[in-house]
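This report concerns only the one structure given below.
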Amino acid sequence: MSNPSVEVATQPNLAPAKRGAGVTRRMLKRAWGFTEMKVAAVVFATMMFLTIFGPYIIDASATQMNVSARFLPPIFMEGGQYPHFLGTDQLGRDLLLRSLIGLRNAFAIGLVSVIGMFVLGCAIGIYAGYRGGWVDVVLMRLTDVQMSIPVIILAITILGLSRPSPLTIILVLILASWPTYARVSRSVALAEREKEYVRAARILGASDLRIMIRHIAPSILPPIAFVAVLDIARMMIFEAIFGFIGIGIQPPTPTFGTIISSGTQYLLNAWWITVAPGVLLALALGSLNLMGGVLERARNQVLQGGE
Amino acid sequence: MMGQPALETAAETSPVMKVENLSVGVTGRAGIKPILADISFEVAPQSVLGIIGESGSGKTVLSRALVNWISPPLTITGGAVHYGGRDLLKLPQREVNALRGRELAYIGANPTSALDPTIPVGHQILEKLKAVSPGMDEATARERVIDTLDAVRIPSSKQRFDEYPFQFSGGMMQRALIVDALVSDPKLLIADNITQPLDVTVAAQILRLLRDLQQDFDTSIVFISSALGIVADIADDVLVLENGSIVEHQPVSALLRAPEHDYTRELIAKVPRIWQGAETPPAPSTGDIVLEVTDVARTYKVRDRNRLFAHKLVRAVRGVSFEVRKGENFGIIGESGCGKSTLSRLLSCLEAPDAGHIRFEGTDIATLKGKPLLELRRRFQLLLQDPYNAIAAHMSIGRTIAEPLLIHGLASGRALREKVEAAMSEVGLSTELYDQLPVGLSAGQRQRVNIARALVLEPELLILDETLSSLDQVEQAKLLELFEAIQKRRGITYIYISHDLAMVRRVCARIAVMYLGRVVELSDNEPMFAEAAHPYTRALLSAVPTVEDKPYATSDYLLEGEPPDPIDIPAGCSFRTRCPFAFDRCKTEDPRLGADDGAGHAAACHLAIGEMPKPHANTAGGPDER
Amino acid sequence: MAFAIEFFLRRISQGLVIVLLVAFVIFTLLRIVPGDPMRIILGPMASQTTLEETAKELGLRDPMLIQFGRFVGEVATGDLGRSYIRGVQGGSTGGSQDADGFDPESRASVAGLIANALPYSLMLAGLGIAFALLVAVPIGIAAGLNAGRWPDKIGLYTSSLFVSLPNIWVGVVLIFLLSAKTGWLPAIGYRGFEYTIIPAIVLAVELSPVMIRAISVSVAQNLGETFYSVGLVRGISRRDMIGKHVLRNAAVPLMNLFGAQMIGMLLGGLFVVEYIFSYPGIGMLTINAVFQRDFPIIQAVAILASAALVIINMLVDFASTLIDRRLKF
């Protein structure tokens, strides 16, 4: 049988805060004190702004081919042309715009799939952890099964053999990643079950469902949700990989994977087709992950009792 | 113990440690806030210096400053700690390290987390011994550790040497840490609140052990504690610490007889009295039986690591019977592992007993389900120990108290708010707190939220499971008054589950003493304290740290060792392995709780009361001389 | 050591059930996706009658449970079946020369294909893990021991950056920089050990951020444990406390991480990296099999992958219980 105590330990400090809701506020306050946090927040906000409003600001097209403007280098290089800040691809389409749209699609897929796996995984996890007994054993063995099929095998099998669409991609991501959430929330719920507030609620006569939804979920989910935000980045990377292998969103809709993969043929004379979208993605995800890292440190400091 | 050693030389009379004007502060946003101010004292050779202070008085910081264990945000703002002619606070870290663990030893309040959990205890002590005396060879060092384990009376020390920290109980671990401290023959031992996490009987053993070892090892001890009764028991001189300053310094007997400072007087007055208290104990009720517990038992299964697919049975509760009458305060007391928390789970219907019945007003609560169970829960509430974990952080206070009304569908809208506010004022919470989150409430206020939440259902029976243990004396007294007032108003019945003998003495009319899953004595308040019928009860009473004269001498009743494992309960009387009076019959025949002797007193013991030493006469009066 | 026997008996039986369930899931999945495998086997030229006959011969028209039972029986004897497409000589048959009927003997055995590809994948994985450890262990330990100071910041920056880079992009960029542009290292295909280096770096970039974060968190956490500061006061040196106690305790959650998370990541990464670099390992074999709908290969790889995960997790958990005796099993 796998061991819950070990599992919790591999996670960042997921124990529900002892000293109440003030922890979240103090954590944010403390995190904001880090220079890294401010820089990352500004970068991330800029990226978000660009993905939403970029298409209206930049006077170019992401899908329209333009033979006269093929292989234009980024604007800061010799031969670069306005408004193609990051240059154009082999069909003369604007790379910045294509990357921004790719980023938007990836973010949407990442967000929806993370919400899905969070809800599904945590619901199953809390139920298993709270109920215990054979329900727990069956559900956890199910996650074992799910987790012993590597994500990529599952994805290429399902997406490669069916028709990839945003919906199927999201479903595959949820299917592949819910067990992580189930296991984490299960191990925390298992510990919560013995806590006094749950005992108190049971003694007051609250039903199991009420205890799970009204008492356990609100106290254990915030730290897990916080890890989930970082998972959006992971899902976006998966989306890029799917696109690269050809099992992601199909052309002509731009995705990181397809842009990078089409650029590989022109690496030697137009390396920016491949490099530019990657840099953009790294900026967006890097700032998100950096914020996550800072928040995690801030949270640990607050939990360790610093002011 | 009070006298100085017979042979005195000049070297032996010069102090072991001399603290001069020590000040420590904590660095915060608003600069440095003082924690200790101008502390000066000396530690005489072969003496025990007690330091007494309440929580927040800075006593742990002081104890750590003595071994130069002060790390940010704490900073030393002035003064010196002289040891062996040098100021510890100014020594380079390397030289401090050379002293620590060798000449200066420190034992803290938290024995269970003091050692690496993944390495056997003996090996860690060995590692320390080799670190502080590099020349020693493996075999000698090992022998030395095992000898010292024997010296602190750890049974089967050879085998214990290879066991892991989690296999040690708190008391055993504290002994092991004493070994760890003494194995290098230190000149000075600093013991910071070392009995705090321990049960009274175990704490008493540790105290006696420390006293013996102090003489055998020729060590001076600085003994820091928050319990005056404990310090009085072991120390020669006592320092009283209030808010980071020393307010009084006297030999212990003088301090108790003639305290000079108001704060000391207050401290002495706060120590609960068990025998010489002014209050008369509450009388048993003659009302109807509300709760009837008959032969209740509960056994848990744990996996056996040494046999294939086998389980061991942990017999947590083994045939407990008692009844509680309406309007009565019933006390259940016992030390850790006696089964009282399992009993609390059974009583509150969180688990069903394997055998026996719990009847509330005639209905067996184990048979209830659904609606009737919900109805039972309304009339039958339990208050838990930890005021921090028992209420959820994300719900407003008003919502928390309203939750039971919502669950039971008893009120809604305006009526709901009114009921909640009424409950809040009844327990002394301002109704302005209604929409606030519990963040920032004190432990006492939180416990009031807890109480209001239970009271809002208007229960008839309230079980208080260590409800007051985490509160300080003052807050405890206030809540006890509150419970009393509510009882008068509503005629509620209380069951107090506790380890606190003084509190039970004050409030409970009838008391059950539990040991190893059994009730060993069931008695009205007065007869139990005046002439306890079970040797275990007497041992408990003899071990309570108080400043008054006890009718039961520690020397007559001090228990050896620890309670047996509930997996492996000895045949016959389960207490016989530790009982000072055990005889042949106890080995074979398991004594059952006898019939009431007519004075509301029954015990599970083969001995008649007269066969035990007679309690010392003790008339009312102040604490007299030792 | 009764507990060890019980541990393995219990875990092996649980593991068998898990692998069986994985096999069932994959098997079912492959049979409900659109497309008749007979078309793939026999090619577009085969007539409907030949198709049906061959399908019956191969048992592909039996109820699925019976097919599954037969499959499990074969797997139990070590027979993973034969590829639909790849010929014994290697290379794809293109599915045309069998238009008149199917001779299973002409197709490569899946076990053989896997056995050929496995050493390459193991070599790549080993080198990737080695690179990742080389980067992550020093950075992670330094970060954990110096929480809040510059080594910690370096750990934070490296892990935040590396975790944000898709392996496909890193792969392509490294091919461009280290191979196409400079010619320092070969990149595509496999004609010698040096072909493993760039793919291994890509794997390491993917694995190291998780390791850095886990190591630093775990070390920092144990440094905050009471036993550490008490140990210093007990007279044990800081070096011994860290070397003998903190790192030992930190290892338990790390081992678990390596079992549960890392192996899954490694497998996933291996597949993608092999695909990018046309590296002839299991990943390449599988991705091609998916595109060619060569079901026997897909299901065999899935089963072997899950079996590997189950075994590694079992060993890791056992090692954890040996280090930390408090853990139940």
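Only this structure's heavy atoms are used, side chains among them; waters, hydrogens and symmetry mates stay out. So you know, we letter chains A, B, ... as the sequences are listed, proteins then strands, and number each from 1.
- Residue A:Ala282 touches chain C through both its backbone and its side chain, counting heavy-atom pairs closer than 4.5 Å.
- In this structure, chain C has no heavy atom under 4.5 Å from any part of A:Leu283.
- Put simply, the side chain of C:Ile168 does not reach to within 4.5 Å of the side chain of C:Val172, judged on heavy atoms.
- Looking at heavy atoms from C-beta onward, A:Leu290 lies in side-chain contact with C:Leu156 at the 4.5 angstrom threshold.
- Between A:Ile245 and C:Phe291 there is a side-chain heavy-atom pair separated by less than 4.5 Å.
- Proximity to chain C is absent for every atom of A:Phe256, based on heavy atoms less than 4.5 angstrom apart.
- Residues A:Leu95 and A:Trp272 have side chains in contact (heavy-atom distance under 4.5 Å, counting atoms from C-beta outward).
- Of the listed residues (C:Val272, C:Leu161, C:Val301), the greatest number of heavy-atom pairs within a distance under 4.5 Å of chain A belongs to C:Val272.
- Most heavy-atom pairs under 4.5 Å with chain A: of the set C:Ile287, C:Val310, C:Ile175, C:Val163, this distinction falls to C:Val163.
- How far OG of C:Ser159 is from CD1 of C:Ile154: 11.5 Å, rounded to the nearest 0.5 Å.
- Looking only at heavy-atom pairs under 4.5 Å with chain A, the residue among C:Ala305, C:Ser306, C:Gly224, C:Pro209 that has the most is C:Ser306.
- Side-chain contact, A:Thr255 with A:Thr258: a donor N or O sits under 3.5 Å from an acceptor N or O.
- Side-chain contact between C:Phe7 and C:Met314: present, with at least one pair of heavy atoms (C-beta onward) separated by less than 4.5 Å.
- The greatest number of non-hydrogen atom pairs below 4.5 Å with chain C, out of A:Ala240, A:Gly286, A:Gly278, A:Ser261, is found for A:Gly278.
- Between A:Asp231 and A:Arg234 a salt bridge is recorded (basic side-chain N to carboxylate O distance below 4.0 Å).
- Both the backbone and the side chain of A:Ile241 come within contact range of chain C, each with at least one heavy atom under 4.5 Å from a heavy atom of that chain.
- Contact of C:Ile298 with chain A is made through the side chain alone, with heavy-atom distances under 4.5 Å.
- A heavy-atom distance below 4.5 Å is not found between the side chains of A:Gln146 and A:Arg141.
- Each of C:Ser164, C:Ala147, C:Gly268, C:Gly148 has some count of heavy-atom pairs under 4.5 Å with chain A, and the biggest count is that of C:Ser164.
- In this structure, the portion of C:Leu29 lying under 4.5 Å from any heavy atom of chain A is its side chain and not its backbone.
- If you measure heavy-atom distances from A:Glu36 to chain C, the contacts under 4.5 Å come from the side chain alone.
- Within the 4.5 angstrom heavy-atom criterion, atoms from both the backbone and the side chain of C:Val22 approach chain A.
- Using a 30° and 60° split on the angle between ring planes, C:Phe318 and C:Phe8 fall in the tilted class, from 30° to 60°.
- Of the atoms belonging to C:Phe271, it is side-chain heavy atoms, and not backbone ones, that fall under 4.5 Å from chain A.
- Both the backbone and the side chain of C:Val290 come within contact range of chain A, each with at least one heavy atom under 4.5 Å from a heavy atom of that chain.
- Using a 4.5 Å cut-off between heavy atoms, C:Asp324 does not touch chain A at all.
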